[in-house]
Amino acid sequence: MDSNQIEQEMKALVNAPHQFSFENGIVITKVERDLCEGELTVGPDSVNPGGYVHGGALVTLADTVAGCCACSRGGDCVTANESFEFLRTAGGPKIFCRAVPRKMGRTLRVIQTELTDSSGRLVASGTFTFFMTA
């Protein structure tokens, strides 16, 4: 399967209604070999009591985008581990995530993520390990 087919299939799956990420305001915007990007549209259901984007929403965005990056060469995966750093409060109409690989093994893939707000400020980063199931 070529990279264009992988991108189309991944977007069709992740960006479809009734998928967890989609229902939480997350869409995948770009999938290339060893690169994935996505965004969270901040809404009333994605903020904490202080009015900032909830940490769980940020981790969900990063996990979704990182998983797509892990599968950008084909295959299916599940999250095996993650480490995440919240660097500053996040707000604004959108949060953007970019994911690139640190290691693309046959069974384990390690992906680095960076999340920025609408002003381009780095708000969080994380490292995700995925187990390739197919």
For a quick test of reading the model, state the closest non-hydrogen atom pair linking M132 to C77 and the distance between them. SD-CB, 3.6 Å
How would you list all residue pairs meeting salt bridge (charged side-chain N to carboxylate O under 4.0 Å, His left out) that involve residues 80-99, not counting sequence neighbours? E37-R98, E39-K94
Going by ring pair (Phe, Tyr, Trp, His ring centres under 6.0 Å), name the pairs with one or both residues in residues 98-134, residues two or more places apart or in two chains. none
Which atoms form the tightest heavy-atom contact between T113 and C97, and what is the distance? CB-SG, 4.0 Å
Tightest non-hydrogen contact, residues M104 and S72, listed as CE-OG, 4.2 Å
Value rounded to 0.5 Å, distance of SG in C69 from CD in E32: 10.5 Å
Audit row: I28, M10, side chain to side chain contact (heavy atoms under 4.5 Å, CB included) steps and yes/no: CA-CA 8 Å; I28 297 300; M10 213 171 295; 5.8 Å; no
To the nearest 0.5 Å, atom CD1 of I111 lies from atom CG of L35 at 10.5 Å
How long is the gap from OG1 on T129 to CZ on R102, to the nearest 0.5 Å? 9.0 Å
Has Q5 got a side-chain atom pairing as donor or acceptor with D2's backbone, closer than 3.5 angstrom? yes
Which atom pairs, one a donor and one an acceptor, fall under 3.5 Å between side chains of residues 44-54 and the rest of the protein, sequence neighbours left out?
| unit_1 | atom_1 | unit_2 | atom_2 | d |
| --- | --- | --- | --- | --- |
| S46 | OG | G43 | N | 2.8 |
| S46 | OG | G43 | O | 2.9 |
| N48 | OD1 | G50 | N | 2.9 |
| N48 | OD1 | G51 | N | 3.1 |
| N48 | OD1 | Y52 | N | 3.1 |
| H54 | ND1 | G56 | N | 2.8 |

On a heavy-atom basis, which atom in G92 and which in S118 lie closest, and how many Å separate them? C-OG, 4.5 Å
Calculate, to the nearest 0.5 Å, the distance between atoms CG and CG belonging to L40 and N24 respectively. 8.5 Å
Is it the case that one hydrophobic cluster holds both V42 and V59, taking links as side-chain heavy atoms less than 4.5 Å apart, direct or via other members? yes
Test: ring pair (Phe, Tyr, Trp, His ring centres under 6.0 Å). Region: residues 60-115. Which pairs qualify, not counting sequence neighbours? F84-F86
Atom pair CD1 (I6) and CZ (R33), whose distance is rounded to the nearest 0.5 Å: 8.0 Å
Shortest non-hydrogen contact between L115 and A62, atoms and distance: CD1-CB, 3.9 Å
When clusters are formed by joining ILVMFWY residues with side-chain heavy atoms under 4.5 Å apart, either directly or through shared neighbours, do F20 and V14 land in the same one? no
Checking R109 side chain against A70 main chain: does a donor-acceptor pair fall under 3.5 Å? yes
Using the ring pair (Phe, Tyr, Trp, His ring centres under 6.0 Å) rule, collect all pairs that involve residues 27-50, keeping only residues at least two apart or in two chains. none
Atom pair CD1/CG of I95 and L61 - distance to nearest 0.5 Å: 8.0 Å
Here the pair of heavy atoms bringing K11 nearest to T29 is NZ-O, 3.1 Å
What residue pairs, at least two apart or across chains, pass salt bridge (charged side-chain N to carboxylate O under 4.0 Å, His left out) with a residue in residues 53-77? D34-R73
